[in-house]
Each structure stands twice: as structure tokens, then as C-alpha cells.
Amino acid sequence: MTNSTTLTALERRLWDAADQMRANSKLKSHEYSTPVLGLVFLSYADHRFQAKANEIGLHADPDDFMAEGVLYVPEKARYSHLLKLPEGANIGAAINEAMNAIEAQNPDLAGALPKIYNRLDNSLLAGMLKSFTFSDISAGLQGDVFGRVFEYFLGEFAKREGQLGGEFYTPQSLVKLMVEIMEPFHGKIYDPACGSGGMFVHSARFVEEHQRSAADDLSVYGQEKTSETARLARMNLAIHGLSGDIKQGNTFYEDLHTSPGKFDFAMANPPFNVKGVDKERIANDKRLPYGLPSTDNANYLWLQYIASSLNSKGRAGVVMANSASDARGSEQLIRQRMIEDGVVDVMVATSSNLFYTVTLPATLWFMDKAKKGTPREDTVLFIDARNTYQQVTRAIRELRDDQVELLANIVNLYRGEQTENRHGTAEKMAELFPDGQYRDVAGLCKVATRAEIAAQGYSLNPGRYVGVEARAADDFDFGVRLSELNEELETLTAEAHELEERIGENVRALLEDVSN
């Protein structure tokens with residue numbers, strides 16, 4: 001059995017155990033993610049601590065552990081201590097104490113860890129502690145097993161929490177693509193809508209995969225509106241051995257990292273099409289160098305927060321609603337200014353159903369201030385990846401690693417950089433680009449000049465430039481298209497049912513509160 005297959009089986013096994021908590025506790029369906037992720041964190045923190053203690057000694061100075069990127073776990077917080085609690089002990093209180101002890105020893109985590117275990121039954125917690133004893137169940141697995149389990153749980157919770165889940169989780173394959181195109185090898189990384197910190201984690205993994213030290217080469221800075229999600233991000237960083245400055249605040253009105261011109265890299269998956277931002281409060285915001293949109297839509301606020309945060313050599317990536325690429329009025333004028341300023345570098349149209357929370361496709365915007373003075377200064381690369389995906393379920397798609405590598409390699413050729421073949425894309429690259437140089441490929445990629453973009457009304461929609469792949473006149477499969485439309489209808493129907501259930505749950509909760 002391969003490492004990947006074993007890990008998948010382990011993830012499912014642990015998820016089944018977590019589902020027992022939901023089924024046998026008084027927690028509402030959207031509440032149990034916090035205590036589950038807390039136990040995953042606690043088990044992993046202790047596992048890494050014990051592994052490092054075997055090297056440097058259990059009684060080494062706490063600073064020695066922290067210097068190695070490992071959280072110091074006090075004795076009362078160690079998993080072995082919790083597993084050996086006597087019958088009748090208050091396990092919930094003991095876990096809460098463990099969380100407090102870790103925070104006291106590791107100031108970066110102050111206030112981040114959950115302490116609600118006293119709300120859960122002893123027998124339930126005892127079973128959960130045994131289920132999440134990773135050192136017993138992960139034999140033979142290599143690499144960042146526990147970090148990947150933590151990400152798996154985030155993804156599963158995002159699927160089940162609907163739109164709420166979209167606020168804290170961006171699907172891994174999409175983040176991988178962004179990171180591979182941005183290449184954040186070193187420097188300061190900023191995310192003004194950081195959610196659970198997944199983009200930071202994948203940036204660090206990218207660095208490690210290229211034989212560098214993320215702890216030495218990267219500094220991460222995030223801002224998140226929701227306090228619970230900000231705490232989740234701090235846990236996620238810690239579980240991957242990363243330190244970062246995650247602040248809680250509303251990015252529309254607070255720039256807690258004083259971002260303009262500060263960062264080497266910036267990336268975000270902000271909420272799409274937000275309405276109701278108080279324009280008077282942001283009228284003089286230095287983060288809006290291209291202008292204040294008059295429309296009641298925050299898409300072009302987010303794009304400017306990212307663009308303005310970059311230093312003179314900075315790169316950025318933003319997940320954005322497709323509608324932003326062709327928006328009219330004041331948004332079109334802002335987009336024109338961005339294009340004329342030369343900050344927009346690459347636009348990638350993605351498939352529908354890559355997100356767990358919405359079925360609509362999105363567009364990835366990549367910015368690069370370092371392209372000024374290069375042959376790319378007057379151009380934008382457009383990639384149409386709407387047909388690049390792997391079907392996971394009827395409702396969910398993802399990008400395979402080889403698909404991510406292929407798309408990133410197209411950008412590498414456009415930039416005049418070396419391509420990679422870690423995931424077996426050399427043959428396909430040679431087929432598409434036989435001379436080893438970038439060329440336009442109908443239906444896939446096209447480099448357009450600013451004059452060509454101006455002629456298209458400053459649209460940044462890849463479909464306007466890339467064209468269609470050459471195909472026979474009768475090469476249209478009605479059955480396939482009908483199946484795709486039926487799949488979309490089924491997805492929308494399922495989302496309607498989920499929303500109906502959530503509304504029902506909220507109404508029941510309100511009625512319970514009134515009756516009490």
C-alpha cells in the first residue's frame with residue numbers, strides 16, 4: 001500500500017472518529033470543528049515535541065525546542081499524561097488546562113487554542129483521545145502527515161459548513177497553483193483575508209520542496225476579520241512549525257500591518273462581491289492608488305489592497321469572481337489604470353466546482369511589479385484552464401499535481417524561467433512547446449499586448465484572447481454537455497437543501513432560546 005493510499009485511509013478513519021463527536025455530543029453541527037481541530041493540534045504538537053526530545057533531551061531548555069521550530073509542550077499538556085488520567089477524572093478540564101499550559105509556554109499562541117472541552121462528556125473525550133493518538137496509528141507514513149491531516153479536516157469541515165466554510169478554507173489544489181506561479185522562495189508574505197492560513201502553509205511547503213528552509217526564508221503576515229478563524233490560522237501555522245503575525249481586524253477599515261509597499265509577496269482568496277462597505281470611511285485610504293469604485297462591490301478594493309501592498313519587486317496572486325474581469329463603469333477605469341501601470345501579469349480562468357461552497361468558476365489574477373523594464377512590461381499572459389480539472393465527486397473538482405505543474409510551467413516559459421518536471425509534465429510540455437520556448441496555443445494560452453487589451457475594452461477575461469482549440473466540426477458530444485448541465489443542476493439543488501437545513505437548525509435554536 002502506498003504512502004498516499006495509507007494516508008487517505010488514515011484521514012477517513014480519523015474523520016469517522018470525529019463524526020462520532022458530532023453524533024454523540026450536544027454540539028451543533030457547525031460547532032464541533034473547533035474541539036476536533038484542537039485535539040488534532042494537541043496530538044501533533046506533542047508528537048513533534050517528543051520526536052525532538054529524543055534528539056536534544058526531554059529536559060532541554062524550552063527555547064531550544066522553539067529554536068528548532070517545535071512547540072514546547074509542558075508535562076501536563078503531553079498526550080501521554082492525558083491518556084493516563086485516572087478513571088473518574090475530569091478529562092474536559094484537563095484538556096482545557098493542557099491548552100492553557102501550551103499557550104503560557106508559547107506566547108504566539110496566546111488565546112488561540114480552544115478551551116470548551118468541559119462541555120463534552122468524559123466517555124466521549126476518552127474515546128477521541130485514543131482515536132487521535134497519531135504516534136500509534138501513523139506507522140510507516142512519511143513526511144508532514146499530521147499537517148496534511150489537519151488540512152484534510154479543514155477541507156471536510158468547509159464542505160459541511162457551506163458558505164461559512166468558504167470563509168476559512170481555499171481548496172488545496174487552487175492554492176498550490178497560486179503558489180507555484182508566484183514562487184515565494186523568500187521574503188515577507190501578506191494575506192489580508194487569510195482565513196485558516198492555508199496559503200501560508202503551501203508557500204512554506206513550496207520552499208521546503210525546493211530544498212530550502214521555510215522557517216529561515218519566509219515571514220508571514222495575515223489579517224482576518226473573524227476572531228475564531230484568526231485563531232484557527234495561528235493553530236494551522238503552529239502545527240506546521242511556522243511562526244507568523246496574524247492579526248484580527250476588518251481589512252476594509254483597518255490596515256493592521258501598514259501594508260503599502262511592504263511585502264515581497266501577497267496572496268488572498270477574499271470574499272466575492274461584498275456589498276455595504278462604508279465608502280466615506282475609506283475615501284482617503286492609501287491602499288487604493290487606482291481609485292475608489294463607485295459601485296457597491298468590494299472586488300476592486302481587494303485587488304488594490306493586494307497590489308498596493310507589494311514592494312517594487314513584489315508578486316501577488318488573488319482569487320477573484322469572474323465578473324471582475326469584465327466589470328464596467330468605475331471598476332473598468334480602475335482596471336485600465338492597473339493595466340496601464342503594468343502591474344497585471346497573468347490571468348488564469350479556472351473550472352467551475354473547484355470550491356466547496358460555490359459552483360461558479362473563478363479567475364486567478366497574478367501581479368508582478370518586477371516585470372517593469374523587462375520584455376513582459378507591455379504584455380499580459382492569458383490562460384484558459386476551464387477544462388483543466390479532475391472530477392472528484394459529481395459536485396467537486398480539483399487540479400491534479402501534474403495539471404498544476406503544467407499550468408505553472410506555461411508561466412515559467414512566458415517569464416523565461418526554467419520549467420519543472422517533478423510531476424511528469426515534460427512530455428506534454430514538449431508536445432505543446434516543441435522548441436522549449438513559449439508560444440500561443442489556441443484554446444489554452446495567449447500573450448496579449450496592452451494595445452490588444454485596450455481594443456477589448458480593457459477586459460481581462462482569458463476567453464476573449466485565447467480562442468478555442470481546433471476541433472472537428474462534429475466533435476460536440478451532446479450527451480457530455482447534457483451531463484454537465486445536469487450535474488450543475490444537482491449541485492444547486494443540493495446547496496438549496498443544505499441551506500434549508502441550516503435555516504431550520506437556526507430556527508429551532510431560536511425557539512429553544514425563547515422557550516428557555
Side-chain angles (χ1 to χ4, degrees), residues 108 167-170 174-207 212 214-227 229-238 240 242-271 274 282 285-290 298-320 338 341 343-346 364-371:
D108 285 350
E167 294 180 2
F168 65 77
Y169 185 78
T170 305
L174 209 56
V175 181
K176 284 180 185 177
L177 177 59
M178 293 179 70
V179 170
E180 290 289 336
I181 289 177
M182 286 175 55
E183 299 178 324
F185 281 115
H186 56 81
K188 296 179 179 179
I189 304 181
Y190 175 57
D191 185 344
C194 70
S196 58
M199 295 201 182
F200 296 138
V201 169
H202 280 278
S203 296
R205 189 167 292 154
F206 173 84
V207 171
R212 300 192 184 192
D216 294 338
D217 293 347
L218 294 181
S219 301
V220 301
Y221 300 81
Q223 187 164 325
E224 171 56 42
K225 178 182 177 182
T226 307
S227 58
T229 306
R231 289 195 293 269
L232 198 60
R234 292 163 66 193
M235 286 173 58
N236 199 9
L237 291 180
H240 287 88
L242 298 171
S243 61
D245 188 0
I246 308 296
K247 297 183 183 294
Q248 190 233 323
N250 188 328
T251 302
F252 293 128
Y253 310 118
E254 303 171 278
D255 182 18
L256 299 178
H257 290 293
T258 317
S259 64
K262 183 175 181 178
F263 296 100
D264 301 288
F265 300 94
M267 59 183 78
N269 174 23
V274 173
I282 63 174
D285 196 326
K286 294 179 180 178
R287 297 174 297 164
L288 304 175
Y290 303 108
N299 289 343
Y300 275 81
L301 299 179
W302 288 112
L303 286 167
Q304 292 188 79
Y305 295 158
I306 291 292
S308 65
S309 74
L310 298 176
N311 60 32
S312 61
K313 300 295 183 183
R315 283 183 180 174
V318 189
V319 186
M320 185 50 61
M338 294 177 70
D341 194 32
V343 68
V344 181
D345 191 33
V346 180
L364 305 183
W365 294 51
F366 294 94
M367 306 173 197
D368 189 351
K369 289 195 173 180
K371 77 172 188 172

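Sequential numbering from 1 along the given sequence is applied to the chain's residues.
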*Decide whether a cation-pi geometry holds between Lys247 and Tyr221; the criteria are a distance under 6.0 Å from NZ or CZ to the six-membered ring centre and an angle within 45° of the ring axis.*
no
_Any side-chain heavy-atom pair of Pro270 and Met320 under 4.5 Å_ = yes
*Between Glu180 (side chain) and Lys176 (backbone), is there a donor-acceptor pair under 3.5 Å?*
no
_Holding to side chain to side chain contact (heavy atoms under 4.5 Å, CB included), I want the full list of residues that pass it with Lys369, two or more places apart in sequence or in another chain._
Leu310, Val343
*Heavy atoms only: give me the nearest Ala230-Glu224 pair and the separation to one decimal.*
N-CG, 3.7 Å
*Between Gln223 and Glu254, is there a donor-acceptor pair closer than 3.5 Å when you use the side chain of the first and the backbone of the second?*
yes
*Please list, chain by chain and in numerical order, all residues satisfying side chain to side chain contact (heavy atoms under 4.5 Å, CB included) with Arg287, sequence neighbours excluded.*
Thr251, Asp255, Ser259, Pro260, Asp285, Tyr305, Ser308
*List the atom of Ala316, the atom of Met182, and the distance in Å for their closest heavy-atom pair.*
C-SD, 3.8 Å
Could you give the side-chain donor-acceptor pairs of residues 183-193 under 3.5 Å, partners two or more places apart or in another chain?
unit_1	atom_1	unit_2	atom_2	d
Glu183	OE1	Arg315	NH1	3.1
Asp191	OD1	Ala193	N	2.9
Asp191	OD1	Cys194	N	3.4

*Where do Leu177 and Leu364 land on the side chain to side chain contact (heavy atoms under 4.5 Å, CB included) test, with the steps shown first?*
CA-CA 9 Å; Leu177 177 59; Leu364 305 183; 3.7 Å; yes
*asked:* Give me the atom names and distance for the closest heavy-atom approach of Ser196 to Leu232.
replied: CB-CD2, 3.9 Å
*asked:* Taking the side chain as everything from C-beta on, heavy atoms only, tell me whether Met199 gets closer than 4.5 Å to Met267.
replied: yes
*With rounding to the nearest 0.5 Å, note down the distance linking CG in Asp108 to CG in Leu237.*
9.5 Å
_Applying side chain to side chain contact (heavy atoms under 4.5 Å, CB included) to Leu218 and Phe265, what does each step give before you reach the verdict?_
CA-CA 10 Å; Leu218 294 181; Phe265 300 94; 5.7 Å; no
*Within a strict 4.5 Å, meaning less than it, do heavy atoms of the Ile306 and Trp365 side chains meet?*
no
*Are the side chains of Leu288 and Leu301 in touch, meaning some heavy atoms are under 4.5 Å apart?*
yes
_Shortest non-hydrogen contact from Arg234 toward Ile246_ = CG-CB, 3.8 Å
*What closest approach, in Å, do Met178 and Val319 show between heavy atoms, and which atom pair accounts for it?*
SD-CG2, 3.4 Å
*May I ask you to test the Phe263-His257 pair for a side-chain heavy-atom distance under 4.5 Å?*
yes
